[in-house]
4 protein chains.
Amino acid sequence: MTDIAKQIGITKPAIYYHFESKEALFLAVVDNFLTKLESWTLSIIEADIAIKDMLQMLFGTLKDAKGSIAMLTGNNSGNALEFHTYVLMFEGIKLFPEVKERIDAFYTRFIHVLAEKIKDAQAQGEIRSDIHADAFAFQIMAAIEGALLMGILNTTTDIESMAQDMFENTWLGVAA
Amino acid sequence: MTDIAKQIGITKPAIYYHFESKEALFLAVVDNFLTKLESWTLSIIEADIAIKDMLQMLFGTLKDAKGSIAMLTGNNSGNALEFHTYVLMFEGIKLFPEVKERIDAFYTRFIHVLAEKIKDAQAQGEIRSDIHADAFAFQIMAAIEGALLMGILNTTTDIESMAQDMFENTWLGVAA
Amino acid sequence: MTDIAKQIGITKPAIYYHFESKEALFLAVVDNFLTKLESWTLSIIEADIAIKDMLQMLFGTLKDAKGSIAMLTGNNSGNALEFHTYVLMFEGIKLFPEVKERIDAFYTRFIHVLAEKIKDAQAQGEIRSDIHADAFAFQIMAAIEGALLMGILNTTTDIESMAQDMFENTWLGVAA
Amino acid sequence: MTDIAKQIGITKPAIYYHFESKEALFLAVVDNFLTKLESWTLSIIEADIAIKDMLQMLFGTLKDAKGSIAMLTGNNSGNALEFHTYVLMFEGIKLFPEVKERIDAFYTRFIHVLAEKIKDAQAQGEIRSDIHADAFAFQIMAAIEGALLMGILNTTTDIESMAQDMFENTWLGVAA
DNA sequence: CATGAATGAGATTTCATTCAT
DNA sequence: TATGAATGAAATCTCATTCAT
């Protein structure tokens, strides 16, 4: 709390005027982040575009992961930010069951919507019919989440440059 | 430290007899985990088996993620373990530059070895030659890491049951 | 720290609000003492008075050593004080190089100023010219410091009563 | 105790085999030092030599203060030793009334013996009769103690080179 | 005589929180 | 709204001493 007060240039009691406790402040931060994350993600996933373009967009987010996170957090103080976003989520889950449930629901919804899109595309003949649609939706989500995580854990590999190739590999494998 | 001492049935000073500080103890834990993780992972990735079998094995780890982590940590006290393994890694990275570097090197090596396997398979005619091999290796790693992460963040979806379908989708897409 | 907090009627954390650490608090105490000691001593040594009167004053400080220290420390809780002043200085030297340097400079300056006074007095014909001036300045300082120290180590001998005789012996020996 | 055990290359319990407690060990050290100091000092002060030669010898100890202390402590690990000898005495006084009394008696005896010598010398016509003998004995002791102390506190000034001049100043002043 | 591994008691320090103004 | 100065509770760490072998 001392550090936060110092950073924003007020005193500790002033923080307590606005927030009941450290946990309440923290929850407000997580809450704010999740709200933005949800609306941003849904704006992509519920867009009325062809499946190929949607996959392109999804893999495209990897090309500017830093920019996206800076937008979501309202902070672009650089490199450590993505890392701290993960820490934020993990701490949030540890402390608040409601955060855990919300993140859970977020993913479930994301995967569900994407799976429906894929099934439509299969009906439409755009995607091979022998692909397991639910697993594929999950797989896309996992590949993107995993790539973001590895962008933090494996700084030697440059993900941003791989995003396009990953998309092409994926599309090559599922296009009807 | 009080909790740890209580758990293992000794007094706090006894811990300090064996470890210089709380951080040193923590580093020893992370170190131990990483050492096991590295040797286990390399035993898979450097096995002399067909690429299809290797992919099958890699996705197979998702089927018993809990069991694998229990083995690596020597602890099978259940559900929260995978979650805490991530927290362990994140804290380790936050505190020790050496841990960050080690994890980075681990992934780089993993991806490199896998990419070579894939290129060999392409030369052998087992995998389509129009697949971007480096991106594909990265993609496999990311999909598995992402799936593990989502196993924690999205408990509603049952990954373990999806592992086989994910493998089939993947192989369908790349097999020559 | 517990004892100090109790003595001054606050809690330990309150001390830490004002001082970074136990050492910082200790340094502040030593610093305060040295600052007062320096200004008090220089007010004597740089006074514009005859050498004989100055020597008289210097030996005179021995007559009320306890009072002088009580003044410098702002504490007159009696007997153990002089002893603790030495402990303070020794601990200060042990812990902080800056304290060592400051005390060193203090003595060097004191001796230098006094030696100049003595040389002037020799030129003036007040002090015998065959006296080694630098050594005599040092000797005065040493005799006074030594007498103060012995006031602590040898409580059987009553220094205060000897101060006047010491001055007379000294003056007898050097007066022209 | 850990440091001491490490220094002398044994384990802590081994120290406790030889000494009841930390304080007992410390007292043994102080005791050993004081015993040597007493016999060494008395061998000088009770020597059957002319007063002038005795003063010469006393001031002479300043010329090799480091050597003398190394001899008394059985340690010649250099510079910090004199300093620690003072710390030893002060701690000893703080902890053990018997040490305080012993040091007190040591000085009292020293001064008494020296004062008698001086009175004899006055009767003999070697020293001016208008010198206050008791104060002079004390003064010699104080000058030497003070010079030793300043050798530690004021390292800028080189005492060893001043020893001879101090003696000459002193003798000049008291010789009949 | 000696040791590796402890321990009880307490020292220093931290930190979320609050009081008085 | 805001602050300087605290505080209760607990965390990390130290250290003289001892136990079991």
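Each chain gets a letter, A, B and so on, in the order its sequence line appears, and its residues count up from 1.
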How close or far is atom P of E/dT12 from atom CZ of C/Phe19, stated in whole angstroms?
15 Å
I'd like to know if A/Glu38 pairs up with A/Arg109 as an ion pair, taking the criterion as any Lys NZ or Arg NE/NH1/NH2 lying under 4.0 Å from an Asp or Glu carboxylate oxygen.
no
Look at the side-chain N and O atoms of A/His18 and state whether any lies under 4.0 Å from the OP1 or OP2 oxygen of F/dT1.
no
Minimum heavy-atom distance between B/Glu23 and B/Phe96, given as atom pair plus value:
O-CZ, 3.5 Å
Between B/Ile15 and D/Thr11, which has a closest nucleotide on DNA chain E that is more 5'?
D/Thr11
To the nearest Å, give me how far apart CD1 (D/Ile8) and P (E/dC1) are.
14 Å
Can you check whether D/Tyr107 reaches D/Thr41 side chain to side chain, under 4.5 Å on heavy atoms?
no
Using atom C1' of each nucleotide, how far apart are E/dC1 and F/dT21 to the nearest Å?
13 Å
Could you check if a side-chain atom of A/Phe90 sits within less than 4.5 angstrom of a side-chain atom of B/Phe83, using non-hydrogen atoms only?
yes
So, do C/Tyr86 and D/Tyr86 have ring centers that fall under 6.0 Å from each other?
no
Considering only nitrogen or oxygen atoms on both sides, find all protein atoms under 3.5 Å from nucleotides 16-18 of chain E and state each distance.
from, atom 1, to, atom 2, distance (Å)
E/dA16, OP1, A/Lys22, NZ, 3.2
E/dA16, OP2, A/Met1, N, 3.2
E/dT17, OP2, A/Tyr16, OH, 2.6
E/dT17, OP2, A/Lys22, N, 2.8
E/dT17, O5', A/Tyr16, OH, 3.2
E/dT17, O4, A/Lys12, NZ, 3.1

So do B/Leu34 and B/Met89 actually touch side chain to side chain, heavy atoms under 4.5 Å?
yes
Report the distance from atom CD1 of A/Ile4 to atom CD1 of A/Ile15, rounding to the nearest 0.5 Å.
5.5 Å
Starting at atom NZ of A/Lys6, determine the distance to atom C1' of F/dT3, rounded to an integer number of angstrom.
15 Å
Of E/dT3, F/dA6, F/dT1, the nucleotide closest to the side chain of C/Tyr17 is F/dA6
Have a look at the helix from E/dA2-F/dT21 to E/dT21-F/dA2 and give the angle its two end axes make, five pairs each, rounded to 10 degrees.
30°
May I have the distance from C/Leu25 (atom CG) to E/dT13 (atom C1'), rounded to whole angstrom?
14 Å
Provide, to the nearest angstrom, the distance between the CZ atom belonging to D/Phe26 and the P atom belonging to F/dA16.
13 Å
If you define the side chain from C-beta out and look only at heavy atoms, does anything of A/Leu25 sit under 4.5 Å from A/Glu20?
no
Do A/Asp104 side-chain atoms and B/Thr156 backbone N/O form a donor-acceptor pair below 3.5 Å?
yes
